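One structure is given below, encoded as structure tokens.
Below, chains carry the letters A, B, ... as their sequence lines are ordered, and counting in each starts from 1. Nothing here was measured: the structure is a model prediction, and the numbers come from that model.
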Amino acid sequence: MSSFNLYSRGDRIFGWANAILLGLFVLSTLYPFIYIISASLSSGAAVTAGRVTLWPVDMTLAAYDRVLSDRMFWIAYGNTFIYTFGGTLMSLAIMIPGAYALSRKRLRGRTFFNLAIAFTLWFNAGMIPFFLNMRDLGLLDSRFGIIIGFAANAFNVILLRNFFEAVPKSFEEAAKMDGASEFQLLWKVFIPLSKPAIVTVALFCIVSRWNGYFWAMVLLRGEEKIPLQVYLKRVIVDLNSNDEFASSLLTAQYSFETVTSAIMVASIIPVLIIYPYAQRYFTKGILLGGVKE
Amino acid sequence: QETTKITDDPLELTIHFHFRDKYVYSEKWPVEQKAAELTNVHVRNVASLATTSSRDAFNLLIASGNLPDIVGGDASGGLKEDFIRYGLEGAFIPLDDLIEEHAPHLKAFFDGHPEIRRAISGPDGNIYFIPYVPDGKFSRGWFIRQDWLDKLGLKQPETPEEVHEVLKAFRDKDPNGNGVKDEVPYFAREEVDAVRLINLWDARVSGSERYGDFAVYDGQLRHPWAEENYKTGIAHVAQWYKEGLIDKEIFTRGARSREYLLGNNLGGMTHDWFASTSTYNDALSGKIEGFALRPMLPPKTVSGQRFEDARRLQVQPAGWAISATNEHPVETIKYFDFWFSEQGRILSNYGVEGLTYEMVDGKPQFKKEILGNKDPVNAQLWAVGAQIPRGYWQTYDYERQWTNKIALQGISMYEQCNCLKQEFLGVSLNTEEKAVYDRYWPSLLTYMTEMQQTWVLGAQDINATWDVYKKRLAELGYDKVIAMMQSAYDRQYGAAR
Amino acid sequence: MSAVQISDVIKRYGAFEVVHGISLAIQPEEFVVLVGPSGCGKSTTLRMVAGLEDISEGTISIGGREVNKIAPKDRDVAMVFQNYALYPHLSVAENIAFGLRVRGERREVISQAVSEAAQILGLTDYLSRKPADLSGGQRQRVAMGRAIVRKPKVFLFDEPLSNLDAKLRTYMRAEIKQLHRRMKATSIYVTHDQVEAMTLADRIVIMNFGNIEQVGSPMEVFLEPANTFVAGFIGSPPMNLLDAYIAKRGGAVRAVLAGQSGQSLAVPDAFASAATDGQPIKLGIRPEIMSVRTDSAPDVLECAIELVEPLGAEALLHGKAGGQSFIAKEETLYSNHQLNSVSRLGVDSTRIHIFDAATGRTLKTEV
Amino acid sequence: MSAVQISDVIKRYGAFEVVHGISLAIQPEEFVVLVGPSGCGKSTTLRMVAGLEDISEGTISIGGREVNKIAPKDRDVAMVFQNYALYPHLSVAENIAFGLRVRGERREVISQAVSEAAQILGLTDYLSRKPADLSGGQRQRVAMGRAIVRKPKVFLFDEPLSNLDAKLRTYMRAEIKQLHRRMKATSIYVTHDQVEAMTLADRIVIMNFGNIEQVGSPMEVFLEPANTFVAGFIGSPPMNLLDAYIAKRGGAVRAVLAGQSGQSLAVPDAFASAATDGQPIKLGIRPEIMSVRTDSAPDVLECAIELVEPLGAEALLHGKAGGQSFIAKEETLYSNHQLNSVSRLGVDSTRIHIFDAATGRTLKTEV
Amino acid sequence: MKQKFRDALRTHAEDLQRDWQLYLLLAPMIIWFALFLYKPMYGLLIAFKDFSIFRGIERSPWVGFAHFEVLFQNDMFIRAFWNTITISGLGLIFAFPVPIILALMFNEVQNAVARRWAQTIVYLPHFISVVIVAGIVINFLSPSTGVVNLLLTRLGFEPIYFLMKPEWFRPVFVSSSVWKEAGFESIVYLAAIAGVSPTLYESARVDGASRWQMMWRITLPCILPTIIIMLIIRIGNLVEVGFEYIILLYRPPTYETSDVVSTFIYRTGLQGTQYDLATAAGLFNAVIAFVLVYSANRISRKVSSTSLW
Ligand SMILES: Nc1ncnc2c1ncn2[C@@H]1O[C@H](COP(=O)(O)OP(=O)(O)OP(=O)(O)O)[C@@H](O)[C@H]1O
Ligand SMILES: Nc1ncnc2c1ncn2[C@@H]1O[C@H](COP(=O)(O)OP(=O)(O)OP(=O)(O)O)[C@@H](O)[C@H]1O
Ligand SMILES: [Mg+2]
Ligand SMILES: [Mg+2]
């Protein structure tokens, strides 16, 4: 791409048009983020009155103070880390070997298993049966239940499987000749070779774990186990119900919006830190297109 | 001194108690500790703190099939029907006999309030839960910017025409004096209050404090939104909306519209809770010169009467019940009974003596620290375990003590007017009735709500579409639902009438 | 006892048979090269020996033991792949050690073996590099290192040099040959490059369409090709095969070119006896036995040269004789011929080959 | 007016200079081959001509017009890539038509041009296939079809044959040559295979490390290499370059091998004049001028043969003389020498080359 | 015949023996799927029962297809169903291509740094909870203070009460969903584009293609398999529209266009806790989804030889 100046006029115009359009889109997606940051830094009254549109109004750290001084926030933050990393590790531990096995064409029953897994992309039992199942398995109110209960999903399995299928056959054969077992083959050859796919899947897992709240809310009992998103929900409910009497116009510097914004900012930051690392691997690619061509 | 001890040895009972979507029962509440000390019954919570929906928490508890000794709390949609339904299925035990034998205070209460007993009874006539019984009649009333009226030389409107004039004046005469025509003459926070103005044409918004509830017309159960005067009312409201007398965004502005419109000196008239709305007088006194938001009596309707449609529920669909698996039903009912005793009532209403209140002239009186705190008193009480929706009997006096003067004046004005509409207390449905209800009612309510707002917003003309509307209601099973409700109503309240 | 014994081996993919029952006995320490056009089943055969493919029918024994049902790792064979299959995430040393490591050898044993192998292959300075940082030849050597470090009974090579450029290929094949001299391990080597086959093999196995066409030493298959396929495959540029027929006039047996021209060459005695008059044949003339120096040659062909490709010391002449295309090879280093204008080429007719036109078999009778 | 004029062109990637100011004038209808080892800047040069890379310094003109700032599509050039760059989703016909289609040619014109190109390249039967269903040679031809259909002023080829196997490569290069005869378009062809360079080029440009080492006709660069690099690069097997020094004894000038043995060869006159006594040199001996027939050769080297590679009609002898490795090439078709036991090789010393050991330049003076 | 069968059995046994390690690797995942996704499917029986949460599945009485009848006789459900199809159909038409277009546009950005930044930013809204997004949308579209309407009035148009107009609901819903998710979804396509050989572009440049033509004639066809796979997955979700965001945005006057199956179930379920009815609706959805996906997959396999399994 170093032959930049060798574009014809039309191509350069195209390039500019593209950049401008994309720039607009980027700005429009950047906006809510800016809004949230500004809202988290504004006074509750200003936000409520709709006076915050771009920059913070009546700048205050009250919302952050309210959030960061809450012991529960830190507990929830810690829990989210546990669920995110524990869950992602568990996901990888279950899906990688499974996807690897399914990627071996000689495996008997492969078609059946593949179909059975793809089937779950669209077909699931629903909330109550899932809940009853978790109960029967004794996984209510258990951190382990949260970690194991959502460990796999068909999309990620398919993604990994396709990547494994695309690994040149001779790697496997060479290792076989050398006497490697399937376990060694997976651990010493396929996993290192499939880093891009694994990082991609890991990111998907991290993102969905980080954002997930519904089942944590349903399955957990103890306050000391709740993740950040549930905490966020609680704060929303909390601030909403207090509203009835306290007219926050006077009493508090923070309000419902500013506090939720502050929590959201706090919760996005780790993702912002992780993402650029993961992004490098996307160029290597999700071999989604490599499906049965 | 009569002993309040229920058992000699301390007894521990487990409880699922999730309420207001975020709280659970706690042994640490001073109120609870006091109660345990008095009764020797210790209640230990098993409800999830993680769940932010009391409804989900309750459903999941039932689904888990593993009930603790006591199940209670509140939830969106109310728990009354759930207590009855699962009671009939055997999850909760009927309490009538236990009350009769072991619960003198409860017995006395129910004997004194047969309508409440009827309202919470199952279709088999049994009581399956002890309800949270609120006190006080008035919840909301009309409020108007008295300072604006004064400024414009108007008086509180008494008739629909006068209301019309006042609102038009608010719209046109720049009462907030900023030179911009930005006043919002009528506004409301909640959907019920958005169409509250239909009362002026004798139409009703709901038969109870619950949104879109049935109403009783001379012993006949009907839905207010299928009545002729509803048509008239909506037609006028739609006209006023079109004229810009009603907040353009009344259906979307949401919960903080009052804060916004009053805080920015824009709103003129509303219909809202007495206590909380009155506080804006204090909150905004320094900010808006002469701010005076005053309660006013309901204007007379076109037929010349005066009525208020909104009132407190006489009995909340919340409270607690005893599970079938509870091995100490007698002790448990005694425990429930404790909360209806004199001591129990004070405890549950005012909290712990010395902590939240002092006895003054034999009456509980909130301490100054409590009244002067920046947090609302009720929120402080929740924090110690008082005023939570267990089966208890509220006393309005608790609220009177910290309600501001303006609200109290309004309430006494309404008391004197004595214009409160009777409340529909609800019916308990048996299985067949429930099936009919479940099948038709959600769609009917959806349709009626949909049309109500469609008309108000002027997307359709109610006069032109009323017949279609009625026909469609019939198609959606309106008559079946009404017939079913009527028979259930007759069964439940027939004896009283 | 042969080191590797392939007996009546058939390979099918589904209903599609790709190897049609081949048999081959390979002696200990022998270097056998399987050669043949793409898709003829060389790799498949090799992979059956390796245990990477099931054997549909027949048996393969290694060191006297039938291995049909034995897993690759238990056959005591090592294989070098065309694309080397080096693990990109492992260093050279780790790549070489991989086989020993997964077999759970002790650390000292491994490092000893690795440094030995590295020494042999001249990789000692590169042990800590990753494959991506190596040149093609070095990669190739690492692949070999992975094989030799295990000291297997049999080495298998599947076109190990085909990813290298010509220069490096020449160089590496000499290295492989020397390595074999040193290790003396039985080797089976697959290639479709006949130069490699010629230079490396003790015996060449020429395959075509899943069958073995001929087995023999390099010079045997070059000098005495059993059929037109082998004749056309071995030698570069390949033997010219011209349509012709036998004409017996008295004692003289001549091969007459098909077509108008009626040009003919004398047929050597070894072929003459089996030939019948008028029999249609393929006349095989190696480019090397055609020469512009018509003086020393007993027979001469009239021809037209269409294209001359100079290769430095020699040149290829693309021409037509009697309407049939041929290639002749001419040393040019010393000569100053105007190669474009040549119209007659001498042919050493004692060196021509005669094949039956129908079966493609040589007409040579044992002499 | 030259078809392509490269003047003092420098290419830098960041601070890293990969082409160091080369100049080259290419005549209309000329077929020029850029050859050199991997990484020497051939592709970079070609891509600058194509317009795929910026020119850091200097100018390139095509047909007299400077094109430094002109987009590739406006240069009237066509390019064939090493991996063919066929669009996998388009059929052969669509691939060939692509260049015309994007230029908005009319339908009839396109289909006319495509079928013409297909005819020339023998692709007519494959027009509706997808690239994935073609053999390597066919893909190569499609890539060429894409180029010729546009009838450009200049053809550019970047190692177009390197993905093919040896047989096909030989065949395709003859095709390319014939195509060039027919189309008569100026062509620049990049390869690192010297056989291709020799057979295809009107002129060969030998590059190394971003510089041009020599430009000349194939026979020129073969017979008169300007330096050791060219000498070692052109010719297969390459010229042996032995360390030696000049010994002038009276009128006789001899090249003496470095080391103990003290063997020497007579130096031809053309080199002798520039040589000084004792000067360290590289003694260049092509494998072809070494011969076991010691009778006809004026000079003889004592040596030890370590490995014999039979190639059929000839054999390569890997040996050592005075401790230095060399390769000799010997015709074997008629001879029955025991090549392993040879200990003396004749050298045609009139054909040897002498290069300055320090600069690598030939010592030849114009004759 | 018998021999053949025995042979088959033997090879089966041999395969099992040969690949026991693979099965061991596969086992945890299969067990997981069985345990956490298939076992609960037993709960689908609810759809055919008069389910009481307290009685549990076993002890609830069978009612056959009664719940399905209730659903199909309720034209509110029918309306919700068609709304679902329409909304996700619109999503398919408008929202599905946006991530692809975005990815194509990113691919055309020359400056690597700018490009990485842009990508990261576009990806952010995915992390903002729908509650906030809905808040922003409502805020923006407010007829009195909303930016959009301010702009409209400035341009001389009447302000539009977007959230109260049935005809506006779908555009608002779809475009704000795009706004939130398109960036994240473009990741998949970006990865696919990264796999396209750069020489294809160089070749096309020499051949005379403009960047626009390259995008259309090279990039797009080359990532077509990925697009098709995503399309098939998407088609499977045609009958699913999540209720969370809808509930925050819809208002009774727009029910006509905004009420979808999930909101219908949400309301029904909340009022009567009718899990059986909700399950029946879910089952109905799932069956349709499966049929759709199955057909899409087949068609795709025939037409483009790309398929999901
Ligand atoms: N897995 C397979 N399924 C079906 N046919 C196959 C399979 N592997 C190989 N074949 C076919 O078997 C035949 C022999 O293939 P093989 O790889 O042995 O050829 P080869 O001689 O090694 O060719 P090359 O020189 O190209 O490597 C070919 O026709 C090939 O198409
Ligand atoms: N984009 C680039 N950035 C930096 N260096 C580059 C780039 N492209 C090529 N080079 C360097 O420029 C030099 C010349 O590369 P070029 O591709 O022209 O070599 P080549 O002669 O064509 O070799 P080959 O025969 O391997 O194709 C090499 O050292 C290479 O590493
Ligand atoms: Mg092969
Ligand atoms: Mg190159």
Selection from [options] maximising heavy-atom pairs under 4.5 Å formed with chain A:
options                       : result
E:S210, E:A47, E:P28          : E:S210
E:V109, E:I46, E:L35          : E:L35
E:P125, E:A27, E:P198         : E:P125
E:Y38, E:F184, E:F106, E:W117 : E:Y38
E:K180, E:R211, E:M215        : E:R211

For A:L21 and E:M105, the nearest pair of non-hydrogen atoms, with its separation, is CB-CE, 3.3 Å

How long is the span from the [atom1] atom in [X] to the [atom2] atom in [Y], to the nearest 0.5 Å?
X      : Y      : atom1 : atom2 : result
A:L203 : E:I187 : CG    : CD1   : 6.5 Å
A:T29  : E:H126 : OG1   : NE2   : 14.0 Å
E:L25  : A:Y100 : CG    : OH    : 7.0 Å
E:I121 : A:F25  : CD1   : CZ    : 12.0 Å

Count the heavy-atom pairs under 4.5 Å between each of [options] and chain E, then report the option with the highest count.
options                : answer
A:W210, A:F119, A:F130 : A:F119
A:T111, A:T120, A:I36  : A:T120
A:S28, A:G10, A:A19    : A:S28
A:V26, A:N18, A:I94    : A:N18
A:G98, A:A152, A:S181  : A:A152
A:L132, A:V157, A:L185 : A:V157

Exercise for the section: Please state whether the side chain, the backbone, both or neither of E:L292 comes within less than 4.5 Å of a heavy atom of chain A. Expected result: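 The answer is neither part of E:L292.
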
**Message:** Please check: side-chain N/O of E:Y23 versus main-chain N/O of A:R108, any donor-acceptor pairing under 3.5 Å?
**Reply:** yes

Is A:E182 reaching over with its side chain to a backbone N or O of E:Q21, donor-acceptor style, under 3.5 angstrom?
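No, because the side chain of A:E182 does not come within donor-acceptor range (under 3.5 Å) of the backbone of E:Q21.
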
- Message: Consider side chain to side chain contact (heavy atoms under 4.5 Å, CB included). Of E:L22, E:I30, E:L26, which one does A:L102 pass it with?
- Response: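 Filter result, single survivor: E:L26.
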
Go through the atoms of [X] and report whether side chain, backbone, both or neither lie under 4.5 Å from a heavy atom of chain E.
X      : answer
A:Y35  : side chain
A:D136 : side chain
A:L186 : side chain
A:F131 : neither
A:A99  : backbone

For residues 281-288 of chain E, which side-chain donor-acceptor pairs fall under 3.5 Å, sequence neighbours excluded?
unit_1: E:N285; atom_1: ND2; unit_2: E:V239; atom_2: O; d: 3.2

Q: Using a 4.5 Å cut-off on heavy atoms from C-beta on, say whether the side chain of E:K39 contacts that of A:L137.
A: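 Side chain of A:L137 against side chain of E:K39, heavy atoms only: contact under 4.5 Å found.
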
Under 4.5 Å between any side-chain heavy atoms of E:M29 and A:F113, yes or no? no

Hits for ring pair (Phe, Tyr, Trp, His ring centres under 6.0 Å) against E:W32, two or more places apart or cross-chain, chain-then-number order -> E:F36

Do other residues, nucleotides or ligands put more than 12 heavy atoms under 6.0 Å from [X] [atom1]?
X      : atom1 : value
E:R116 : CZ    : no
A:R9   : CZ    : no
A:W215 : CH2   : yes

Checklist line | Worked check of side chain to side chain contact (heavy atoms under 4.5 Å, CB included) between A:R104 and E:D19 | finding: CA-CA 10 Å; A:R104 303 298 91 192; E:D19 292 331; over 6 Å; no

*Could you check E:L102 against A:L22 for side chain to side chain contact (heavy atoms under 4.5 Å, CB included), going step by step and ending with a plain yes or no?*
CA-CA 8 Å; E:L102 262 185; A:L22 200 57; 3.6 Å; yes

